Amino acid sequence: MIHRRTLKAATQGIGMTSQGTRDRLVERLRSKDIRDERVLKAIATIPRHEFVDEALSSRAYEDTALPIGLSQTISQPWVVARMTEAVLDGGTPQKVLEVGTGSGYQAAILACLVPQVFTVERIEELLKLARRRFHRLKLNNIYTRYADGHLGWPSQAPFDGIIVTAASMGIPQELIQQLRIGGILVAPIERAGMQRLLAIRRTEEGYDQEDLGGVIFVPMLSGLS
Ligand code: SAH
């Protein structure tokens, strides 16, 4: 699905941004219990340094979150991998929605694995930069929208999976409504001052949920910026 030659051009170079550096990140994720080979392959493919400011590119393959401006962060690779694994669990989703495009990295990883990725961002400046990256890397199966992600993307629903990359106080009900039965929503949910990463599967009767552990995300905010 990815245009190999373009990616090669975009990832050329030696040192801190080379394929070898990316492969070492993959090995680190494998040692931290990321098992889905499809996800590991996507992480080996997508040049994360293209999603951060040039001044930070030497740190792009550390397993850590990094600032992307406007008080936002690109998620830690382990978290991206875990969320992607969870949304792929139990099948091959055709349509996935992401809330919180940010740098665009999570959407780019999804674009290697899912035919159609829809991503919503409330900060126009970040969305513009992310769109430019998608274009440069020829990730033509990512559809973007400048909107408040609390509302999801009703005209494209139902989705097979939804990934939320900003923390909300409760499980966003609007988003659950946009999942097909059997689909999975992965989201950081704040409870008693702590954030837990939840994987919520929509069922005929309601939903089941699994706690994937403690995480730290920026808060989900309302309105546009
Ligand atoms: N997935 C991103 C992580 C971005 S951090 C990446 O891979 O880089 C979370 C993002 O969620 C921020 O860009 C923030 O602006 C956005 N966000 C917060 N609340 C939102 C909302 N209500 N709707 C859409 N985006 C939101």
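Computed from a predicted model, the values in this text were never measured in an experiment. Note that ligands are numbered from 1 as they come in the structure, with each ligand's atoms numbered from 1 the same way.
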Colleague: Is a side-chain donor-acceptor pair under 3.5 Å present for Gln72 with Ser103?
Modeller: no

Colleague: Test your reading of the structure: does Ser222 have an N or O sitting under 3.5 Å from an N or O of ligand 1?
Modeller: no

Colleague: With a sphere of 6.0 Å drawn around CD1 of Ile216, does it hold more than 12 non-hydrogen atoms of other residues, nucleotides or ligands?
Modeller: no

Colleague: Nearest protein heavy-atom contact for atom 4 (C) of ligand 1: which residue, which atom, what distance?
Modeller: Thr73 O, 3.2 Å

Colleague: Where is the nearest protein heavy atom to atom 15 (O) of ligand 1: which residue, which atom, and how far?
Modeller: Glu121 OE2, 2.6 Å

Colleague: Could you tell me, atom by atom, which parts of ligand 1 come under 4.0 Å of a heavy atom of Leu126?
Modeller: 13 (O)

Colleague: List every atom of ligand 1 that sits less than 4.0 Å from any heavy atom of Ala166, numbering the atoms from 1 in the order shown and giving each element.
Modeller: 11 (O), 18 (C)

Colleague: Applying side chain to side chain donor-acceptor pair (under 3.5 Å), which residue pairs with at least one partner in residues 174-192 are found, sequence neighbours left out?
Modeller: Asp160-Arg180

Colleague: Give the residue and atom name of whichever protein heavy atom lies nearest to atom 9 (C) of ligand 1, and the separation in Å to one decimal.
Modeller: Thr165 O, 3.2 Å

Colleague: Where's the contact between Ile123 and ligand 1, heavy-atom distance under 4.0 Å: side chain, backbone, both or neither?
Modeller: side chain

Colleague: Indicate yes or no: does an N/O atom of Leu221 lie under 3.5 Å from an N/O atom of ligand 1?
Modeller: yes

Colleague: For the 3.5 Å polar cut-off, considering only N or O atoms, please tell me whether Gly149 and ligand 1 meet it.
Modeller: yes

Colleague: Of the side chain and backbone of Val80, name the one, both, or neither that has a heavy atom under 4.0 Å from an atom of ligand 1.
Modeller: neither

Colleague: Flag yes if more than 12 heavy atoms outside Glu54 fall under 6.0 Å of its CD atom; otherwise flag no.
Modeller: no

Colleague: Is Ser75 in polar range of ligand 1, meaning some N or O pair under 3.5 Å apart?
Modeller: no

Colleague: Can any side-chain N or O of Gln195 pair as donor or acceptor with the backbone N or O of Phe217 at less than 3.5 Å?
Modeller: yes

Colleague: Counting heavy atoms only, which of Ser103, Gly102, Ser71 is nearest atom 8 (O) of ligand 1?
Modeller: Ser103

Colleague: Should one rank Gly100, Ala130, Gly104, Pro77 by closest heavy-atom distance to atom 10 (C) of ligand 1, which comes out on top?
Modeller: Gly100

Colleague: Quick check on contacts: which atoms of ligand 1 are under 4.0 angstrom from a heavy atom of Val218?
Modeller: 5 (S), 9 (C)

Colleague: Of the choices Ile74, Thr101, Val99, Leu127, which has the non-hydrogen atom that lies closest to atom 2 (C) of ligand 1?
Modeller: Thr101

Colleague: Would you kindly confirm whether Ile68 and Tyr105 end up in one hydrophobic cluster when ILVMFWY residues are joined by side chain heavy atoms under 4.5 Å apart?
Modeller: yes

Colleague: Just to confirm my output: which protein heavy-atom neighbour is closest to atom 1 (N) of ligand 1, and how far is it?
Modeller: Glu98 OE2, 2.8 Å

Colleague: Going by the order shown, which atoms of ligand 1 are within less than 4.0 Å of some heavy atom of Val120?
Modeller: 24 (C), 25 (N)

Colleague: Find out whether Tyr207 and Leu185 are in side-chain contact, i.e. whether some heavy atom of one side chain is under 4.5 Å from a heavy atom of the other.
Modeller: no

Colleague: Polar contacts were defined as any N/O atom of the residue lying under 3.5 Å from an N/O atom of the ligand; does this apply to Ile68 and ligand 1?
Modeller: no

Colleague: Taking the basic N atoms (NZ, or NE/NH1/NH2) and the acidic carboxylate oxygens, is any pair closer than 4.0 Å for Lys128 and Glu125?
Modeller: no

Colleague: Look at the side chain of Gln19 and the backbone N and O of Ala44, then say whether any donor-acceptor pair between them is shorter than 3.5 Å.
Modeller: yes

Colleague: Among all protein non-hydrogen atoms, which one is nearest to atom 7 (O) of ligand 1, and what is the separation to 0.1 Å?
Modeller: Gln106 N, 3.1 Å

Colleague: Hey, could you give me the OG1/CZ distance between Thr45 and Arg22, rounded to the nearest 0.5 Å?
Modeller: 8.0 Å

Colleague: So, Glu27 and Arg30, do they make that salt bridge, N to O below 4.0 Å?
Modeller: yes

Colleague: Between Tyr61 (side chain) and Arg48 (backbone), is there a donor-acceptor pair under 3.5 Å?
Modeller: yes

Colleague: Which of the atoms of ligand 1 are close to Asp148, meaning less than 4.0 Å from one of its heavy atoms?
Modeller: 21 (C), 22 (N), 23 (N)

Colleague: Could you name the option among His150, Glu125, Gln76, Arg122 that has the heavy atom nearest to atom 26 (C) of ligand 1?
Modeller: Arg122

Colleague: Treating Trp78 as the side-chain partner and Lys32 as the backbone partner, does any N or O pair qualify as donor plus acceptor under 3.5 Å?
Modeller: yes

Colleague: Return the set of residues passing ring-ring contact (aromatic ring centres under 6.0 Å, His included) with Phe159 (not counting sequence neighbours), or none when no residue passes.
Modeller: Phe118

Colleague: To the nearest 0.1 Å, how far is atom 14 (C) of ligand 1 from its closest protein heavy atom, and which atom is that?
Modeller: Gln72 OE1, 3.4 Å

Colleague: Give the atom numbers and elements of ligand 1 that come within less than 4.0 Å of a heavy atom of Met220.
Modeller: 18 (C), 19 (N), 22 (N)

